[in-house]
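Some notes on the structure that comes next.
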Amino acid sequence: MKSTMPEVGIIMGSKSDLPVMIDAVEVLKLLGAHAEVTIVSAHRTPDRMFDYAKSAASRGLKVIIAGAGGAAHLPGMVASITHLPVIGVPVKSSNSIDGWDSVLSILQMPNGIPVATVALNAAKNAGILAAQILAVSDKQIAQNLLNFKADLAKKVEESAKEVEEGGH
Ligand code: RP5
């Protein structure tokens, strides 16, 4: 039987990131992946960040989603500590000028330490990508992803039909 231990760690720099990051929590639930959620700040709790990243793999996590805004160092610093794949979510936070600061500080990592950066505020895509990583070795999550994609396609087909029939 499949364990219910979390395989995805979702972290964010502040509780103020939660309204964005909740989308990752929800889509992972929908796709049948077990996740844990907490706050870890690279700047305000560096020791906590270090401990979290250092123990992640031995605690059973397989992928980490990290969201932060402004001078967003959390995803990159976590990626520098663990060998697990890290997906970064740039958040347009209250201290962000226009979102570009969050995007660039997560995206522009040096050679050797990649962070898989999704679009601004795109925590849902981060969740889907994390599920896709798990699906490589989890048949149930793979099937759930196929169903999810079929549903997306169905919605487009329905919209196309509506528009073609003049029902817009
Ligand atoms: C970042 O600063 C956090 O990830 C958040 O996006 C932003 C603002 O944090 P608060 O001032 O709302 O706690 O480190």
Quick check for you: to the nearest 0.5 Å, what is the distance between [X] atom [atom1] and [Y] atom [atom2]?
X: L18; Y: I39; atom1: CG; atom2: CD1; value: 6.5 Å
X: L31; Y: Q132; atom1: CG; atom2: CD; value: 9.0 Å
X: S80; Y: M49; atom1: OG; atom2: CE; value: 6.5 Å
X: N144; Y: L134; atom1: CG; atom2: CG; value: 11.5 Å
X: S137; Y: E7; atom1: OG; atom2: CD; value: 7.5 Å
X: D23; Y: E26; atom1: CG; atom2: CD; value: 6.0 Å

Nearest atoms (heavy-atom pairs only) where [X] meets [Y]:
X: A135; Y: L145; value: CB-CD1, 3.6 Å
X: R44; Y: G13; value: NH2-O, 4.1 Å
X: D138; Y: I141; value: OD1-N, 3.0 Å
X: S105; Y: G70; value: OG-O, 3.3 Å
X: L74; Y: G67; value: CD2-O, 3.9 Å
X: A66; Y: P75; value: O-CG, 3.4 Å

Please check if [X] and [Y] belong to a single hydrophobic cluster, counting links between Ile, Leu, Val, Met, Phe, Trp and Tyr side chain heavy atoms closer than 4.5 Å.
X: V78; Y: V63; answer: no
X: V91; Y: L107; answer: no
X: Y52; Y: I10; answer: no
X: L152; Y: L30; answer: yes
X: M21; Y: I128; answer: yes

Check: With I65, which of L28, V37, V86 fulfils side chain to side chain contact (heavy atoms under 4.5 Å, CB included)?
Finding: L28

Identify each donor-acceptor pair in which a side-chain atom of residues 109-122 lies under 3.5 Å from a protein atom, sequence neighbours left out, and give them as a table.
from : atom 1 : to   : atom 2 : distance (Å)
T117 : OG1    : I106 : O      : 3.4
T117 : OG1    : V115 : O      : 3.2
N121 : OD1    : K92  : N      : 3.0

A side-chain contact here means heavy atoms from C-beta on lying under 4.5 Å apart; do [X] and [Y] qualify?
X: P6; Y: R59; value: no
X: N125; Y: L129; value: no
X: T38; Y: R48; value: yes
X: L61; Y: E36; value: yes

Margin query: Is it true that, when you exclude I97 itself, more than 12 heavy atoms of the residues, nucleotides or ligands shown sit nearer than 6.0 Å to its CD1?
Written below: no

Margin query: For the backbone of K54 and the side chain of T82, can you confirm whether one donor and one acceptor N or O come within less than 3.5 Å of each other?
Written below: no

